[in-house]
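When a residue number appears, it is its place in the shown sequence, counting from 1.
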Amino acid sequence: MRIAIASDGKMVTEHFGHCEGFTIFNEQNKQIVSSEFISNPGHKPGFLPNFLNDKGVNVIISGGMGAGAIEIFEEKNIEVITGAAGDAETAARNYIEGKLKSSGSVCHEHQHADECGH
């Protein structure tokens with residue numbers, strides 16, 4: 001399984017589309033076996049879900065995310081977890097262990113990355 005975390009440095013970002021990049025963790029047998037960081041290629045409506053789908057991502061974790069992105073991820077059978085915060089690797093481990101559940105947080109304001117309602 002490939003778990004992508006919208007990240008700023010090593011931390012989960014507040015808003016998916018405006019993140020610095022994506023930390024992708026590869027999981028096998030409930031263990032993280034490798035990780036890589038991919039810079040955000042740019043925020044354009046509908047682009048990032050397709051970009052991450054092309055990277056083989058199965059799960060996306062972020063603080064918040066717009067409804068359009070959530071819809072595209074769901075169409076591609078990629079699980080969306082919103083409401084996450086803190087260290088990206090810890091979030092990935094918590095997801096693998098079944099301790100991280102989505103808050104259902106949907107961002108309605110795209111101009112300001114810090115105004116997502118949680």
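Here the CG atom belonging to Asn94 is positioned 11.5 Å from the CD1 atom belonging to Ile81, to the nearest 0.5 angstrom. Here the straight-line distance linking atom CD of Glu20 with atom CE of Met11 works out to 12.5 Å at 0.5 Å rounding. Here CG of Asn26 is found 13.5 Å from CD of Gln31. Values are rounded to the nearest 0.5 Å. To the nearest 0.5 Å, atoms CD (Glu75) and CG (Asn50) are separated by 9.0 Å. With rounding to the nearest 0.5 Å, the separation of CD1 in Ile32 from CZ in Phe25 is 5.5 Å.
Here the closest heavy-atom approach between residue Ala6 and residue Phe22 is recorded as CA-CD2, 3.8 Å. The two residues Gly17 and Leu48 come nearest to each other via the heavy atoms CA-CD1, 3.9 Å. The two residues Val12 and Ala88 have their closest heavy-atom pair at CG2-CA, 3.9 Å. Here the closest heavy-atom approach between residue Asp8 and residue His18 is recorded as OD1-O, 4.4 Å.
For Glu89 and Arg93, the salt-bridge test passes: some basic side-chain N is under 4.0 Å from an acidic carboxylate O.
Cluster annotation: Phe37 and Ile3 are assigned to distinct hydrophobic clusters (Ile/Leu/Val/Met/Phe/Trp/Tyr, side-chain heavy-atom contacts under 4.5 Å, transitive). No chain of hydrophobic side-chain contacts below 4.5 Å, direct or via other Ile, Leu, Val, Met, Phe, Trp or Tyr residues, connects Ile24 to Ile96.
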Which side-chain N or O atoms in residues 52-73 pair as donor and acceptor under 3.5 Å with protein atoms at least two apart or in another chain?
{"unit_1": "Asn58", "atom_1": "OD1", "unit_2": "Arg2", "atom_2": "N", "d": "2.6"}
{"unit_1": "Ser62", "atom_1": "OG", "unit_2": "Phe16", "atom_2": "N", "d": "3.3"}
{"unit_1": "Ser62", "atom_1": "OG", "unit_2": "Gly64", "atom_2": "O", "d": "3.0"}

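Judged purely by atom type and a 3.5 angstrom limit, Thr82 has no side-chain atom pairing as donor or acceptor with the backbone of Ser102. Side-chain atoms of Asn40 come within 3.5 Å of backbone N or O of Cys19 as a donor-acceptor pair.
At a cut-off of 3.5 Å, with distance as the only test, a side-chain donor of Thr23 or Ser7 sits close to an acceptor on the other residue. Checking Tyr95 against Glu27 by side-chain atom types alone, no donor-acceptor pair falls below 3.5 Å.
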